[in-house]
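Remember, it's a predicted structure, so these values are computed and weren't measured experimentally. One-based numbering along the sequence shown.
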Amino acid sequence: QVQVAESGGNLVQAGGSLRLSCTVSEDGYAMAWFRQAPGKEREGVSCMSRIGTATYYADSVKGRFTISRDNVKRTLYLEMNSLKPEDTAMYYCARGKGPWCKAGFLFWGQGTQVTVSS
C-alpha cells in the first residue's frame with residue numbers, strides 16, 4: 001500500500017510561519033494539501049502536478065502559502081506565511097490518482113495539526 005506521511009504542524013502565533021512536509025513511498029503523481037477545522041468540511045488548500053507545471057491555491061491562502069516538491073526525495077512542502085487564526089486545522093497530504101490535480105486523490109496521510117494563536 002502507498003504510504004503518505006506529513007509533518008511540521010505546530011502551535012504558532014498569528015503572523016508567523018510554518019513549513020509542512022510530506023513524504024510518499026511512491027511518487028509520479030500529483031500531490032496536494034487539504035485541511036479540516038472542527039465543524040467544517042475538508043477543503044483543498046493547494047495542489048501541484050507531478051512535475052510542478054501546474055499549481056492550485058485556494059483563494060483563502062493565495063499570496064501567503066507556497067507549494068513545492070522534490071521528486072528525488074519524494075517530498076511535498078507547504079510554506080505557510082502570515083498565518084491567521086482561521087488557518088487552524090488538521091492538515092492532510094494527499095497523493096493523486098494521476099499526474100494532474102484534476103484527476104482527484106487516492107492516498108492520504110494521517111494529518112498534522114496546525115494551531116494559530118491570536
*Hey, does the side chain of Glu6 reach the backbone of Ser21 with a donor-acceptor pair shorter than 3.5 angstrom?*
no
*Cluster question for you: counting only ILVMFWY and a side-chain heavy-atom cut-off of under 4.5 Å, with indirect links fine, are Val61 and Tyr92 together?*
no
*ILVMFWY cluster, Leu20 and Val4 together (side-chain gap under 4.5 Å)*: yes
*asked:* So which atom in Pro85 and which in Ser118 form the shortest heavy-atom distance, rounded to 0.1 Å?
replied: CG-CB, 4.0 Å
*Backbone N or O of Thr115 within a donor-acceptor pair of the Thr88 side chain at under 3.5 Å?*
no
*Where do Ala54 and Trp100 come nearest, in terms of heavy atoms and distance?*
CB-CZ3, 4.3 Å
*asked:* With a 4.0 Å cut-off on N to O distance, would you call Asp87 and Arg35 a salt bridge?
replied: yes
*asked:* Can you tell me how far apart CD (Glu43) and OG (Ser60) are? Round to the nearest 0.5 Å.
replied: 5.0 Å
*asked:* Using side-chain heavy atoms (C-beta onward) and a distance below 4.5 Å, is Leu76 in contact with Val24?
replied: no
*Evaluate the side-chain proximity of Tyr57 to Ile67: yes if any heavy-atom separation is below 4.5 Å, no if none is.*
yes
_For the aromatic rings, using the six-membered ring if either is Trp, is the centroid distance between Phe107 and Tyr29 under 6.0 Å?_
no
*Given side chains that start at C-beta, do those of Val12 and Asn10 come closer than 4.5 Å, heavy atoms only?*
no
*Check: Glu79 main-chain N/O paired with Arg19 side-chain donor or acceptor under 3.5 Å*: no
*Can you tell me how far the CZ atom of Phe105 sits from the SG atom of Cys47, to the nearest 0.5 Å?*
3.5 Å
_Spacing of CZ belonging to Arg74 relative to CZ belonging to Arg95, to within rounding of 0.5 Å_ = 12.5 Å
*Considering only heavy atoms from C-beta outward, does the side chain of Lys84 approach that of Val116 to under 4.5 Å?*
no
*Heavy-atom pair of closest approach, residues Val114 and Gly9*: CG2-CA, 4.1 Å
*asked:* Would you compute the distance between atom CZ of Arg50 and atom CE of Met48 and round it to the nearest 0.5 angstrom?
replied: 13.0 Å
_Reported CZ-to-OG1 distance for the pair Arg69 and Thr55, which is rounded to 0.5 angstrom_ = 12.0 Å
*Using only heavy-atom distances, determine whether the side chains of Asp70 and Thr75 contain a donor-acceptor pair under 3.5 Å.*
no
*asked:* If you count every heavy atom of other residues, nucleotides or ligands that lies below 6.0 Å from Trp108 atom CH2, does the total exceed 12?
replied: yes
_Using ring centroids (six-membered ring only for Trp), state whether Phe65 and Trp33 fall under 6.0 Å._
no
*If Ile, Leu, Val, Met, Phe, Trp and Tyr residues are connected whenever their side-chain heavy atoms lie under 4.5 Å apart, and connections chain through other members, are Phe34 and Leu83 in the same group?*
no
*Sub-3.5 Å donor-acceptor pair from the side chain of Ser46 to the main-chain atoms of Tyr56, do we have one?*
yes
*asked:* I want to check something: taking the side chain as every heavy atom from C-beta on, are Thr66 and Leu78 in contact at a cut-off of under 4.5 Å?
replied: no
_Short N-O contact, Lys62 and Asp59, less than 4.0 angstrom_ = yes
*Between Tyr91 and Met80, is any pair of side-chain heavy atoms under 4.5 Å apart?*
yes
_Side-chain (Ser17) to main-chain (Asn81) donor-acceptor, under 3.5 angstrom_ = no
*asked:* Just checking Gln13: does its CD atom have more than 12 heavy atoms from other residues, nucleotides or ligands closer to it than 6.0 angstrom?
replied: no
*asked:* Rounded to the nearest 0.5 Å, what separates atom OG in Ser49 from atom NZ in Lys102?
replied: 11.0 Å
